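What you see is a predicted model, and the numbers here were worked out from it, not measured in a lab.
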Amino acid sequence: MASYLYGIKSVKHGAVVATGSGFAMPASGDLTPWAYTVQGSLTISEDESTTTEFYVEEVTTPVHSIVTDPGKLTMTWRAYDMTPDLIAVMKGGTAATGTGVDYYYGPESVEAIERSLEITTTNDIVFEIPRASCLARFDSVLGRENLLEMEVKATALAPETTGTGATDQAPYRFRIPTT
């Protein structure tokens with residue numbers, strides 16, 4: 001039976017699990033829903049790998065080829081919700097509460113934020129990234145017919161776990177229900 005991934009049920013985040021072995025994601029109770037995703041904005045893209053071919057004098061076709069730079073996996077999505085706590089999670093900076101008002105203070109310097117990510121599709125297939133480098137930015141037209149949007153671009157990184165098994169160092173996985 002074929003498995004298809006479609007739609008977005010949720011985007012959740014959590015602290016990166018930095019110890020242990022195996023494919024290490026935070027416990028499901030330690031993941032927090034981030035914000036609703038702007039319709040049609042979530043993309044998952046894997047860059048094309050770079051290869052090097054080796055040639056000999058006697059023939060014009062390569063005799064060997066190796067992958068010299070594997071393509072990285074990136075996810076990009078947008079949200080309308082400008083709650084200061086949500087912004088600070090992916091963009092850095094500081095969220096604060098005053099009397100009757102919430103504040104967001106932008107970061108002094110921009111740095112990637114490392115988070116574990118879990119994207120659940122409409123048909124309950126779960127895409128897990130144990131360690132992602134996230135960069136967020138404000139990017140939209142603000143007007144009578146537009147809401148301000150924040151875009152997050154996340155790049156899957158090697159996990160920080162110590163396992164040596166075939167799946168311990170995987171940068172991502174799908175969980176596909178079988179029943």
Side-chain angles (χ1 to χ4, degrees), residues 2-17 23-50 69-97 101-159 170-177:
S3 296
Y4 302 101
L5 283 78
Y6 63 90
I8 304 300
K9 187 180 278 187
S10 68
V11 174
K12 294 181 180 179
H13 66 93
V16 173
V17 176
F23 189 89
M25 283 290 293
S28 62
D30 293 336
L31 291 168
T32 304
W34 188 61
Y36 285 143
T37 306
V38 173
Q39 182 176 335
S41 72
L42 194 140
T43 61
I44 298 174
S45 180
E46 190 170 26
D47 293 344
E48 188 173 333
S49 296
T50 303
D69 185 18
K72 68 182 182 232
L73 182 76
T74 58
M75 290 117 315
T76 305
W77 70 95
R78 292 172 172 261
Y80 294 127
D81 192 341
M82 294 297 138
T83 303
D85 288 334
L86 293 173
I87 297 169
V89 164
M90 293 293 174
K91 192 168 174 48
T94 304
T97 302
V101 65
D102 290 334
Y103 296 97
Y104 172 72
Y105 298 91
E108 287 183 32
S109 60
V110 175
E111 294 182 24
I113 307 291
E114 287 193 5
R115 303 298 291 165
S116 288
L117 298 175
E118 178 187 275
I119 299 168
T120 304
T121 66
T122 302
N123 59 334
D124 293 322
I125 294 175
V126 180
F127 196 88
E128 297 173 310
I129 303 96
R131 183 172 165 238
S133 174
C134 302
L135 282 170
R137 67 187 183 120
F138 299 115
D139 180 46
S140 68
V141 173
L142 183 60
R144 186 180 322 179
E145 297 178 358
N146 305 93
L147 297 174
L148 181 61
E149 296 178 15
M150 186 166 77
E151 178 184 83
V152 178
K153 182 175 183 176
T155 302
L157 302 173
Y172 64 90
R173 75 175 175 190
F174 300 146
R175 280 192 289 129
I176 302 172

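To the nearest 0.5 Å, the span separating OG on Ser133 from CD1 on Ile113 amounts to 9.0 Å. Atoms CG and CD1, on Leu5 and Ile125 in that order, are 4.0 Å from each other to the nearest 0.5 Å. Note that CD1 of Ile87 is 12.0 Å distant from OG1 of Thr94, once rounded to the nearest 0.5 Å. Interatomic distance, Asp69 CG to Thr50 OG1, rounded to the nearest 0.5 Å: 4.5 Å.
The two atoms that bring Gly93 and Ala88 nearest to each other are O-CB, 4.1 Å, heavy atoms only. In this structure, Ala132 and Leu157 approach most closely via the heavy-atom pair C-CD1, 4.2 Å. Closest heavy-atom contact between Pro159 and Pro130: CB-CG, 4.1 Å. Taking each heavy atom of Gly71 and Ser49 in turn, the nearest pair found is N-OG, 3.2 Å. Shown here for Val17 and Ser116, the closest heavy-atom pair between the two residues is N-OG, 4.3 Å. The two residues Thr122 and Gly7 come nearest to each other via the heavy atoms OG1-CA, 3.1 Å.
By the 4.5 Å heavy-atom criterion applied to side chains, Leu148 and Tyr80 are not counted as neighbours. Residues Ile44 and Leu73 meet the side-chain proximity criterion, which asks for heavy atoms closer than 4.5 Å. Inter-residue side-chain proximity for Trp77 and Thr43 is flagged as unmet; no heavy-atom pair is nearer than 4.5 Å. In this structure, the side chains of Leu42 and Thr76 stay at 4.5 Å or more apart for every pair of heavy atoms. Annotation: side chain of Met75 is in contact with side chain of Ile129 (closest heavy-atom distance under 4.5 Å). Val89 places none of its side-chain heavy atoms less than 4.5 Å from the side chain of Cys134.
Residues in residues 145-158 take part in these side chain to side chain donor-acceptor pair (under 3.5 Å) pairs, two or more places apart or across chains: Arg78-Glu149, Arg78-Glu151, Arg137-Glu151. Within the structure, every pair that satisfies the ring pair (Phe, Tyr, Trp, His ring centres under 6.0 Å) test and touches residues 126-149, not counting sequence neighbours, is listed here: Phe127-Tyr172, Phe127-Phe174.
Remark: Glu114 pairs with Arg131 by the salt bridge (Lys or Arg N to Asp or Glu O under 4.0 Å) rule, at least two apart or across chains. Here Tyr105 pairs with Tyr103 under the ring pair (Phe, Tyr, Trp, His ring centres under 6.0 Å) rule; sequence neighbours left out. Among residues two or more places apart in sequence or in another chain, the side chain to side chain donor-acceptor pair (under 3.5 Å) test is passed with Lys9 by Asp124. A search for side chain to side chain contact (heavy atoms under 4.5 Å, CB included) contacts involving Ser10 returns Lys12, Thr120, not counting sequence neighbours. By the side chain to side chain donor-acceptor pair (under 3.5 Å) test, Asp47 is found to be paired with no residue, residues two or more places apart in sequence or in another chain being considered. Shown here are the salt bridge (Lys or Arg N to Asp or Glu O under 4.0 Å) partners of Asp81, two or more places apart in sequence or in another chain: there are none. Scanning for side chain to side chain contact (heavy atoms under 4.5 Å, CB included) contacts around Arg175 gives Glu118, Val126, Glu128, Arg173, with sequence neighbours left out. For Thr37, there are no side chain to side chain donor-acceptor pair (under 3.5 Å) partners at least two apart in sequence or on another chain.
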Report the C-alpha separation of Asn123 and Tyr6 in whole Å, then their side-chain angles, then the decisive distance to 0.1 Å, and conclude whether the side chain to side chain contact (heavy atoms under 4.5 Å, CB included) test is met. CA-CA 7 Å; Asn123 59 334; Tyr6 63 90; 3.4 Å; yes
Show me the side-chain donor-acceptor pairs of residues 25-36 shorter than 3.5 Å, one per line, residues at least two apart or across chains.
| from | atom 1 | to | atom 2 | distance (Å) |
| --- | --- | --- | --- | --- |
| Trp34 | NE1 | Leu86 | O | 3.0 |

